[in-house]
Amino acid sequence: MAMDHILPFRSFNWEKETWDDYKKKLEQHFMVYSVEEGMKKTMFIDDCDSKTYTLLRGLCQPKTPVQKSYKELCDLLTQYFSISSNVDNEANQCSAGSSSTSCQQQQSSSMQGRSSQHGQFPQSTDPLPCSSGSATIRTNFPTPDEETEAKIHQFSRYINLQDDETDTVVIVQVFKDLDIEPKYYHAAISQLFLDNIDRDSRLRDLVALVISEMFEQKVIAKADYLHALEEMFYMADDLIGDIPQLYENLASFYVTLLKQRYITLSNVRNAAQCVLQRSGATLLKELLLQYEALYALKRLHNT
């Protein structure tokens, strides 16, 4: 059937329906009009609103949605929304009656599975094996409750839907409007890191600029940021299998802050203690390369 004889389907509404329900109804629409497999992708992309298409564009990197098949696009969205659903389910199970200790143990045991899918990882009240030492002011970084975790995910998704022209002051105001308790700010930064560590460089740069604006407005403390950065280094062994360029991507989260002097090289070194022995040279290389590329420093030469 020619496309001009097929009625368009509505856009996916994130706030009023689940992705699974929408996909089932979309498939029924395709069945009614006997849409051929090769036409499904074109129709689906045409029906996407800007919010969904922006998400797809980020999930498809380094390719574009047009370069993916209809099945691949659906699989990407299914995976994206299932990660958030799994996190919410765990939070609901904990709030339904499990003790705080058992919930933390449950979250800890599932960290590796979730981290490989770039989902939420647990925030611990216990110090990590590679402690930032005197670089952090406080040592208590509590696990967010269900409501706070939902707000953190909402903020992270909001950033993923922004473009290059978005004012970081506006984004920080959105964060403030969510009324997240300051004791959970470390978890919000951690989520931004994890959600964008394997995304387009534009999004990683935007995250760095947003955090810089948070420092500028004194919204977050250095301790929150360094704890989140330390957690990323602590998870490096789990993540690097899926993200070979992990240290290159991670550097984009702290090079801007180094240049603006919100953190120091000593802070980064302390946060990265658990990987310095085996990966210190790589960290230093990526830091220097990005610092030079972003701020037009002269190349270093061997004497």
Side-chain angles (χ1 to χ4, degrees), residues 14-15 51 55 58 80-81 83-96 100 103-104 107-108 111 114-115 118-128 132 135-162 166-197 199 203-204 206-232 234-235 253-254 256-257 262-263 271:
W14 299 23
E15 299 177 355
K51 183 178 179 181
L55 172 62
Y80 178 85
F81 287 108
I83 290 172
S84 298
S85 176
N86 288 338
V87 171
D88 293 339
N89 287 338
E90 287 185 10
N92 289 336
Q93 289 172 4
C94 286
S95 62
S100 175
C103 286
Q104 290 179 359
Q107 289 176 329
S108 178
M111 179 177 67
R114 290 208 303 264
S115 66
H118 310 160
Q120 169 70 15
F121 53 92
Q123 311 292 333
S124 175
T125 55
D126 299 323
L128 293 170
S132 294
T136 58
I137 299 172
R138 61 189 176 91
T139 57
N140 182 32
F141 297 92
T143 303
D145 54 39
E146 180 184 358
E147 180 181 359
T148 300
E149 194 166 337
K151 292 179 180 180
I152 289 171
H153 278 276
Q154 180 182 350
F155 180 63
S156 182
R157 289 171 183 164
Y158 173 79
I159 287 186
N160 287 335
L161 298 174
Q162 304 312 301
T166 303
D167 189 340
T168 55
V169 175
V170 174
I171 296 178
V172 173
Q173 186 58 52
V174 170
F175 179 75
K176 291 178 179 179
D177 292 343
L178 289 171
D179 290 328
I180 298 172
E181 292 185 61
K183 65 181 179 180
Y184 298 127
Y185 284 178
H186 68 96
I189 300 170
S190 294
Q191 193 65 50
L192 292 182
F193 285 166
L194 197 59
D195 281 352
N196 293 282
I197 189 64
R199 295 282 177 83
L203 284 171
R204 295 197 302 275
L206 178 58
V207 167
L209 291 173
V210 169
I211 293 174
S212 175
E213 183 62 33
M214 287 177 168
F215 271 112
E216 178 68 21
Q217 297 186 31
K218 296 181 172 54
V219 174
I220 60 171
K222 184 188 288 190
D224 298 311
Y225 173 84
L226 292 177
H227 184 75
L229 184 62
E230 185 179 43
E231 286 188 312
M232 290 302 295
Y234 183 54
M235 295 180 66
F253 290 141
Y254 55 78
T256 296
L257 300 180
Y262 290 122
I263 61 173

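Since we're looking at a predicted model, the values are computed, not measured.
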At what distance, to the nearest 0.5 angstrom, does [atom1] of [X] lie from [atom2] of [Y]?
| X | Y | atom1 | atom2 | value |
| --- | --- | --- | --- | --- |
| Y225 | Y262 | OH | OH | 12.5 Å |
| Q173 | L178 | CD | CG | 10.0 Å |
| D195 | R157 | CG | CZ | 8.5 Å |
| T148 | E146 | OG1 | CD | 10.0 Å |
| L206 | N196 | CG | CG | 8.0 Å |

Verify, without hydrogens or angle tests, whether [X] (side chain) and [Y] (backbone) share a donor-acceptor contact under 3.5 angstrom.
| X | Y | answer |
| --- | --- | --- |
| R204 | R199 | yes |
| K151 | I180 | no |
| S190 | H186 | yes |

Task: Parallel, tilted or perpendicular: rings of H227 and F141 (30°, 60°) - done: parallel

TODO: Determine whether V169 and Q217 make a side-chain contact, defined as any pair of heavy atoms from C-beta on separated by less than 4.5 Å.
DONE: yes

Task: Side-chain heavy-atom pair E213, L209 within 4.5 angstrom cut-off - done: no

- [ ] Can you spot which of I189, V207, L192 makes a side-chain contact (heavy atoms from CB on, under 4.5 Å) with F253?
- [x] V207

Open item on the list: Testing V172, L257, T256 one by one against I211 for a side-chain contact (heavy atoms from CB on, under 4.5 Å), which residue passes?
Closed with: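 Filter result, single survivor: L257.
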
Work out which heavy atom in [X] is nearest to a heavy atom in [Y]; give both atom names and the distance.
| X | Y | value |
| --- | --- | --- |
| Y184 | T143 | CE2-O, 3.5 Å |
| Y185 | V219 | CE1-O, 3.1 Å |
| L229 | F193 | N-CE1, 3.7 Å |
| I152 | P144 | CD1-CG, 4.1 Å |

Open item on the list: Are more than 12 heavy atoms, taken from residues, nucleotides or ligands other than E147, located less than 6.0 Å from that residue's CD atom?
Closed with: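 No, the 6.0 Å shell around CD holds no more than 12 heavy atoms from other groups.
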
Task: For E216, all residues meeting salt bridge (Lys or Arg N to Asp or Glu O under 4.0 Å), sequence neighbours excluded - done: none

Task: For F155, all residues meeting ring-ring contact (aromatic ring centres under 6.0 Å, His included), sequence neighbours excluded - done: F175

